[in-house]
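Reading through the structure tokens given below for one structure.
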Amino acid sequence: MFWYHSTTKHSYNSVRTNPNRLSWEDQPSTYKNYPVQYEKRKLDLEKEADHFLYHIAGLTAKKSYPSGEYYLRINPSAGALYPNELYFQARGVEGIEDGIYHYEVRSSSLTLLQRITKQEGLEPYLGYSTAMQGYLFLVSAVYYRSSWKYKNRAFRYCLLDAGHLLGSIEASALLQSNAVEVRYDIDREKLNLMFGFGEREWFLSGCAMVRPIEGEKVDTIEFSLPYVEASGTFERNALIEQAYHETMQLRSCRREVKTPTFTYNTTKLQETIFTRRSQRGFQEGAITKGQFNYIMEAIHQPVPSDCDEEVSVYVVINRVLDMPLGLYKEGEYIKYGDFARKAGYLSLEQYSLSMQAAVAFFLTSKGENYQALYQKAGIIGHRLYMASLYMGIGCSGIGAYYDDEVNAFVENEEMVLYALAIGK
């Protein structure tokens with residue numbers, strides 16, 4: 001998979017010799033809506049189940065500009081392009097008929113795609129042989145929403161954004177004191193076919209918030225949904241399609257069974273989820289060592305999944321009270337120095353972010369399972385958002401950086417997955 005990663009690297013020269021020119025007339029829609037013949041139900045936030053779902057991917061605010069209206073969502077996305085769609089199976093959930101649904105973001109509605117029975121369901125596609133009470137989520141990518149702007153590099157953003165959506169599921173589940181498990185070993189080919197995606201939309205992962213129903217075996221459900229347009233416009237990208245198909249099969253996976261332990265107050269966490277925003281710049285404000293340690297503890301909690309990849313977290317300390325300046329790895333001091341300007345340069349010269357932030361983060365990995373490791377990086381990124389904002393500290397995800405120069409700075413040859421910055 002290194003061929004795709006190498007092909008999509010940024011460098012000082014590449015961003016200047018290959019400027020990104022957007023075709024505004026081809027801008028894709030960021031919403032998928034099923035036709036009116038499907039049964040739909042508006043979310044009722046007085047109901048616990050609907051409240052839980054809304055805090056995963058709901059709309060939170062609207063901004064108006066001369067060019068049109070812009071809606072903010074609970075989950076972040078690179079360039080606000082939102083390439084991911086959320087589907088789920090509900091079984092035995094109070095207030096929701098047993099079935100398979102699509103979360104329609106624009107109208108805050110649930111679209112019923114397929115009813116399920118006690119004997120059949122999606123469980124076997126996610127590796128379960130027993131009927132599972134609760135939610136089985138499926139996260140897809142409509143890649144042209146991202147490739148319209150980010151071209152070949154868009155597959156990275158689709159995966160990171162999927163990780164953020166999985167992180168949103170985890171955060172919303174915490175409001176109900178529930179744990180979730182990420183499932184990467186899903187039957188993507190069969191699911192893509194059943195949901196009628198063609199080559200314009202693909203499943204990336206699943207997520208389970210369930211408990212087994214003792215003694216109830218379940219068979220695979222079979223259905224065939226017609227194709228429903230998800231982007232309006234489309235331009236094929238053969239490189240991204242090849243990358244997706246070549247990374248579908250998992251290799252040498254290690255399962256993580258430990259559950260994370262967070263110390264959030266539920267009321268305050270709910271407010272944090274709803275008011276989450278990406279910081280557009282920092283004012284060189286400092287954070288305390290206690291705040292930093294709280295955030296680091298949150299992002300290093302285990303991520304329960306069926307294919308856990310190791311992700312290295314490098315930290316550039318710019319402005320943390322009572323902590324030496326310099327580069328750290330997993331909390332261990334590596335080298336002393338004021339690297340604020342260097343961090344800003346490495347983040348594609350976005351100096352108002354990584355240079356003026358209190359802390360800059362670079363996530364890398366030598367893992368083999370590309371889709372799993374990139375989505376884990378997105379989950380870690382979402383935990384960083386939640387923990388930082390919970391502490392009153394701003395956060396910004398940065399998907400663009402000079403890959404090889406980051407490697408030289410942190411002195412490794414791993415794939416660079418994500419950069420983020422926090423501060424005031």
Side-chain angles (χ1 to χ4, degrees), residues 1-11 14-15 17-18 20-23 26 28 32 77-79 81-85 125 138-163 165-166 183-206 227 229-253 307 309 311 363-378 399-401 403-404 407 413-418:
M1 197 52 222
F2 288 95
W3 68 265
Y4 170 76
H5 205 81
S6 298
T7 301
T8 58
K9 287 181 178 179
H10 282 318
S11 69
S14 71
V15 298
T17 57
N18 298 298
N20 193 8
R21 296 184 177 88
L22 298 178
S23 176
D26 295 325
K32 180 176 184 178
S77 172
L81 298 176
Y82 296 102
N84 303 108
E85 293 288 330
Y125 295 111
L138 289 169
V139 176
S140 74
V142 183
Y143 79 81
Y144 183 62
R145 292 180 187 170
S146 187
S147 65
W148 166 76
K149 179 176 182 180
Y150 295 117
K151 310 305 179 188
N152 291 340
R153 196 177 172 96
F155 189 43
R156 298 190 188 201
Y157 295 110
C158 289
L159 293 169
L160 286 174
D161 284 0
L165 191 50
L166 294 170
R183 311 289 289 192
Y184 298 112
D185 191 12
I186 64 175
D187 193 343
R188 292 171 177 80
E189 288 186 305
K190 181 65 174 179
L191 289 167
N192 290 340
L193 184 64
M194 288 200 313
F195 280 76
F197 287 168
E199 284 296 319
R200 297 194 180 193
E201 185 175 356
W202 306 310
F203 280 121
L204 298 175
S205 57
Y227 170 76
E229 179 58 60
S231 61
T233 58
F234 179 75
E235 181 178 328
R236 184 185 179 193
N237 186 305
L239 185 75
I240 291 175
E241 291 181 10
Q242 182 182 355
Y244 172 74
H245 288 291
E246 289 190 4
T247 55
M248 287 173 64
Q249 301 302 317
L250 301 174
R251 297 184 296 177
S252 303
C253 280
C307 189
E309 288 283 14
V311 174
L363 276 55
T364 72
S365 178
K366 57 185 177 183
E368 295 183 352
N369 294 292
Y370 196 79
Q371 293 191 31
L373 68 90
Y374 246 96
Q375 288 179 84
K376 182 179 179 181
Y401 37 79
D403 297 69
D404 289 341
N407 285 134
E413 296 181 354
E414 299 179 355
M415 286 184 285
V416 186
L417 308 175
Y418 206 2

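Contact record, A154 with Y4: N-OH, 4.1 Å, taken as the closest heavy-atom pair. Nearest heavy atoms, S231 versus Y144: OG-CD2, 4.4 Å. Of all the heavy atoms in L166 and G206, the pair that sits closest is CD2-O, 4.1 Å. Here the shortest heavy-atom pairing between R145 and A230 reads NH2-O, 2.6 Å. Across every non-hydrogen atom of L81 and S146, the tightest pair is CD1-CA, 4.0 Å. Contact between A377 and Y418 at its shortest, heavy atoms only, is O-CD2, 3.8 Å.
Screening Y143, W202, F197, Y374 for a ring pair (Phe, Tyr, Trp, His ring centres under 6.0 Å) involving Y244 leaves a single residue, W202.
In the displayed structure, E241 atom CD is contacted under 6.0 Å by more than 12 heavy atoms of other residues, nucleotides or ligands.
Close placement of the F195 and F203 rings is indicated, their centers lying within 6.0 Å of each other. Ring centers of F155 and Y150: at least 6.0 Å apart, outside the cut-off.
Of the inter-residue distances, the one linking L373 atom CG with T364 atom OG1 reads 10.0 Å to the nearest 0.5 angstrom. Interatomic distance, CG of N369 versus CD of Q249, reported as 10.5 Å (0.5 Å rounding). To the nearest 0.5 Å, atom CG of residue L165 and atom OG of residue S140 are 9.0 Å apart. Between atom CD of residue Q242 and atom CD1 of residue I240 there is a gap of 11.5 Å, rounded to the nearest 0.5 Å. Between the OG atom in S205 and the CD atom in Q371 there is a gap of 8.5 Å [rounded to 0.5 Å]. Atoms CD1 and CG, from I186 and N192 in turn, are 8.0 Å apart once rounded to the nearest 0.5 Å.
Distance alone, capped at 3.5 Å, places no donor-acceptor pair between the R183 side chain and the Y125 backbone. In terms of modelled atom types and a separation under 3.5 Å, the side chain of Y184 and the main chain of L250 share no donor-acceptor contact. Distance alone, capped at 3.5 Å, is enough to place a donor-acceptor pair between the D187 side chain and the K190 backbone. Side chain of N152 to main chain of T8: no donor-acceptor pair is present (N/O by atom type, distance under 3.5 Å, no hydrogens or angles). A side-chain donor-acceptor contact under 3.5 Å links R156 to the backbone of H5. Side-chain atoms of W148 never come within 3.5 Å of backbone atoms of L22 as a donor-acceptor pair (strictly under, hydrogens ignored).
A cation-pi geometry, defined here as NZ or CZ lying under 6.0 Å from the six-membered ring centre and within 45° of its normal, holds between R153 and Y401.
Checked for salt-bridge contact, E199 and R236 miss the test: no charged N lies under 4.0 Å from a carboxylate O. Using a 4.0 Å cut-off between charged nitrogen and carboxylate oxygen, E229 and R200 count as a salt-bridge pair.
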- [ ] Decide yes or no on side chain to side chain contact (heavy atoms under 4.5 Å, CB included) for M415 and Y370, but give the supporting numbers first.
- [x] CA-CA 10 Å; M415 286 184 285; Y370 196 79; 3.7 Å; yes

- [ ] For side chain to side chain contact (heavy atoms under 4.5 Å, CB included), just list the numbers for L239 and W3, CA-CA rounded to whole Å, side-chain angles, deciding distance to a tenth of an Å, and then say yes or no.
- [x] CA-CA 10 Å; L239 185 75; W3 68 265; 3.0 Å; yes

TODO: Go through the steps for L204 and Q375 under the test side chain to side chain contact (heavy atoms under 4.5 Å, CB included), then give the verdict.
DONE: CA-CA 9 Å; L204 298 175; Q375 288 179 84; 3.9 Å; yes

Task: Audit row: E413, K366, side chain to side chain contact (heavy atoms under 4.5 Å, CB included) steps and yes/no - done: CA-CA 8 Å; E413 296 181 354; K366 57 185 177 183; over 6 Å; no

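There is a side-chain donor-acceptor pair under 3.5 Å between S77 and D161. Checked by atom type, the side-chain pair S365/E309 shows no donor-acceptor distance below 3.5 Å.
The side-chain heavy atoms of C253 and D185, taken from C-beta on, include no pair separated by under 4.5 Å.
Listed by chain and number, the residues in a side-chain hydrogen bond (donor to acceptor under 3.5 Å, both in side chains) with S11 are S14 (sequence neighbours excluded).
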